[in-house]
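A short write-up of the structure that comes next.
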2 protein chains.
Amino acid sequence: MNAIANDNLPWSREEFEEKLREKGKGYHIYHPFHVMMYEGKLTKEQLQCWVANRFYYQIAIPMKDGAILSNCPDVEVRKQWIVRITDHDGVGDTVGGIEAWIQLGAAVGLSREDIVSLKMVSPGVRFAVDAYINFAKQRTWQESVCSSLTELFAPHIHQQRISSWPTMYPWIKEEGLTYFKKRLTEARRDVEQGLDVTLNYFSTSREMQMKALDILQFKLNILWVIADSIMLASTLDIKIDGKDYFHQPVINF
Amino acid sequence: MNAIANDNLPWSREEFEEKLREKGKGYHIYHPFHVMMYEGKLTKEQLQCWVANRFYYQIAIPMKDGAILSNCPDVEVRKQWIVRITDHDGVGDTVGGIEAWIQLGAAVGLSREDIVSLKMVSPGVRFAVDAYINFAKQRTWQESVCSSLTELFAPHIHQQRISSWPTMYPWIKEEGLTYFKKRLTEARRDVEQGLDVTLNYFSTSREMQMKALDILQFKLNILWVIADSIMLASTLDIKIDGKDYFHQPVINF
């Protein structure tokens, strides 16, 4: 067997998992806006803009997961996957992730109305988040599960916020960290199921494994574009080839 | 009848048309990237990036119009609307708008492969353009027709390119302007149908007229976000709060 033929063989389960994890190099933790956030360089207005815009992503998650359930005929997979929806929406009086995000809003000085009205959501954030929901509606459930694998990299960014915010942004009330602490546990549990589905389903050929990497890249692109849009919408000092960049005002639709 | 009640009456057909035309204030002709283009300040690489990225919008148009046909039960409307698809795709050996755009690519130094491979298309452009197709799939045909009304403002930007490029970018081959000359005539004809449908359908109440303005804003947002994404992808000198912005490489999916 020659080298060319070897290149077309599927990677082992361990190699494939490693390739997926290597995609973390393009995670939005390295986006200039998130670097600034970690380094304590964001203004109160910029952080508020981020919280209000990211809320649009938060409320999309259970709809995206509903789309996955709608395409999945496997009872056992659905029984595990549904927990993601109840985690975000809450069960009965238990506070879910969406409500915890509104509390994060309060901790950075936004009213419930500021957040749930979506009036601060920038158009580029809408388009990126909607692309994620539409992907889950239009693709197989295994492809959509694979797209969720950015949660491989999420605990790191949650942990960064938990450790840096009290020092960097002492004006943020402590309850603001509840969401990240909650997700730290959930994301670690969720990723096991998502990774298992992906490693099984896409392991039939190298081509399929490459497709999984492309799908994960698509989701990384969504998070990156969200950060780009929030950066453009919230940063006052942007210079393009030395000239001031001006923003189009956010108009809600 | 008091002032408050008057505020809720529908505008006259003329007033409504004027409100729609006023939306032109937010047209991407005023986006920093397009201002730079008009002023001759873009580099060859930036213009190439714009042409390659905008191609993704060009190829989406006939699919968007197909979605409108798929939702429209009115034979007479379809008979007029279908011309938009044949304009872009061509009929038999006639060159359509998509092929004319590839020729524009050649005129700025891009190969057919550079363009049709979509390898230079930035993720933010994909999400914005896909939002336009999904809107046309999911909304009534009248709402989608209304979203096409940015063509009210298009002749101005086409004319700007036709008059400024030969002076500002003398290195661009003259055939590069064919697309814009072609659209100058087509856009003027198309807009009559789109405007007529919108003025009729949305004139039943002030609320409906406001909805039409919001839909037009949604489409303006798409064009604006496309320009934002191309600007971020192609401009080397971007400073955010005084620090260099770095780009995520375009990864095709």
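Numbers restart at 1 for each chain; the letters A, B, ... are given by sequence-line order, proteins then strands.
- Interatomic distance, NZ of A:K137 versus CG of B:N134, reported as 8.5 Å (0.5 Å rounding).
- Closest approach of B:F127 to A:I222, counting heavy atoms only: CZ-CG1, 3.4 Å.
- Counting heavy atoms of neighbouring residues, nucleotides and ligands inside a 6.0 Å radius, atom CE of A:M208 exceeds 12 of them.
- Within a 6.0 Å sphere centred on CD of B:E22, heavy atoms belonging to other residues, nucleotides or ligands number more than 12.
- Here the side chains of A:R126 and B:V225 are not in contact, with every heavy-atom distance at 4.5 Å or above.
- B:L232 contributes atom CG, which lies 5.5 Å from atom CE of A:M231 (distance to the nearest 0.5 angstrom).
- Other residues, nucleotides and ligands contribute more than 12 heavy atoms inside 6.0 Å of the CZ atom of B:R13.
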